[in-house]
Amino acid sequence: MKVSVQTADFDLSSEVKALAEKNTNIGAVASFVGVVREVAMTLEHYPAMTEAAIRKIVEEAKSRWEVMDCTVIHRYGELQPSDQIVLVAVASAHRGDAFAACEFIMDYLKTRAPFWKKEHRAEGARWVEARASDDDAAERWAGKVG
Amino acid sequence: MKVSVQTADFDLSSEVKALAEKNTNIGAVASFVGVVREVAMTLEHYPAMTEAAIRKIVEEAKSRWEVMDCTVIHRYGELQPSDQIVLVAVASAHRGDAFAACEFIMDYLKTRAPFWKKEHRAEGARWVEARASDDDAAERWAGKVG
Amino acid sequence: MKVKLLFFAGLREQLGTAGEEIELPAAVNTVAALRTHLLGRGERWQSALGEARLVRTAVNQDMVQSTARIKAGDEVAFFPPVTGG
Amino acid sequence: MKVKLLFFAGLREQLGTAGEEIELPAAVNTVAALRTHLLGRGERWQSALGEARLVRTAVNQDMVQSTARIKAGDEVAFFPPVTGG
């Protein structure tokens, strides 16, 4: 498992290749990249907690699905429109497990990992508000067994 | 929409970047890469039909979910262990739509796109048999509205 | 009527041909009837296309059920269940 | 007892501080009690941490409910609902 919280950009291909090359049983890599939309932003986080919180989410995913390996990279600091923010890549023998675990990790990152976005709009900076739909997305996993 | 059936390898990063840069409303790109496991293989396809069949699957996904753009690349010919076989990348404003459409396209590719794998094992070459689980995966979408 | 036949993957290898032009009696106007017609060619065809075999069909590059009609000039492809992705 | 307080994002800005060491009465031994205790500091604290505000808490870098206990030496962080990903 690789978890990194960093200011630097990442390269999706290299990360996915690194996963796929580790184990010849890996046949499926599902990945997700979150991208900054129209507005530049600053991402703040809680350094002492962030990586541990992400590792906990990944462990939970591994207990639910057949996950052979997993990479999560989350950036913080100043980001511009169309910059990459987050990468979750999950390798598995089976695509169903790879997809489910990847989406699960993203949903939990959105509600459990200590990041906050501040958008820099023309009319001034403002903190992005959490969306109820993100809580809903995370909660729908609660009753499910993988 | 980009659909390509080709012998050449592809670069996941470039394909996902090309999608994300097209539209500043894109915030989410879900992607899937299928990888050759332990055994080298030859992938045969039905040239006159393949691209049209894939486009039909993508159109079906677009009618079900909010898909802003989509790239599907499927290789054919000789492939070695850990080579990339297939890429499906779906860009959307919302991650839920991106994940669902990406998984839907993969499930339908497995049952509707005219490709056949022949594995080159030590004991001889043999055609891979279709798996009932792939039919099941495609069929579970039948009753669902996105 | 004339139709074009295509065979892929294991079927192509088993039949020893990738396809042919074939002249069909007018009565052979569905995919199922064509498949039965081909079984009359002997053992090799029976073992490749017999009822026990899972065979998929496309007419003019569109996957169809065995009840689908065929008409003059059609391209009819027989192949095993697909295994791409 | 002494605990370490941390504030993040909008809360940090509103309170004008990223954190502090604080000496608490022994009775203030849950997250909820600590939050109430801080409200006593005046208007700025009430508007940032009052009941109307959605506030999340972590004790020793673990997200917890407001009923969670706190003890001497703990690191208690208050922050708005997270918006990463």
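Just so it is clear, the values below take in all heavy atoms, side chains as well, and ignore hydrogens, waters and symmetry mates. Keep in mind that what you see is a predicted model, and the values were worked out from it rather than measured. Lettering of chains follows the sequences in order, A, B, ..., and the numbering in each one begins at 1.
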task: Measure the CG-CZ distance between Asp134(B) and Arg95(A) for me, rounded to the nearest 0.5 Å.
output: 4.5 Å

query: Say you draw a straight line from OG of Ser14(A) to CG of Asp11(B); how long is it, rounded to the nearest 0.5 Å?
result: 8.0 Å

query: Are more than 12 heavy atoms from other residues, nucleotides or ligands located less than 6.0 Å from atom CD of Glu129(B)?
result: no

- prompt: Are the side chain of Ser82(A) and the backbone N or O of Glu21(B) linked by a donor-acceptor pair below 3.5 Å?
  reply: no

query: What part of Gln84(A) lies closer than 4.5 angstrom to a heavy atom of chain B: side chain, backbone, both or neither?
result: side chain

query: So which of Ala137(B), Cys102(B), Ala89(B) has the largest heavy-atom pair count under 4.5 angstrom toward chain A?
result: Cys102(B)

- line: For Lys17(A), the salt bridge (charged side-chain N to carboxylate O under 4.0 Å, His left out) test, sequence neighbours excluded, returns none

- request: Identify which of Val16(A), Val36(A), Val90(A), Asp107(A) forms the greatest number of heavy-atom pairs closer than 4.5 Å to chain B.
  value: Asp107(A)

query: So which heavy atom on Leu12(B) is nearest to which on Ser13(A), and how close?
result: N-OG, 3.3 Å

Part of Ala93(B) lying under 4.5 Å from any heavy atom of chain A: both

Exercise answer: donor-acceptor pairs, residues 23-34 of chain A side-chain atoms, under 3.5 Å, sequence neighbours excluded:
{"from": "Asn23(A)", "atom 1": "OD1", "to": "Asn25(A)", "atom 2": "N", "distance (Å)": "2.8"}
{"from": "Ser31(A)", "atom 1": "OG", "to": "Ser31(B)", "atom 2": "OG", "distance (Å)": "2.8"}

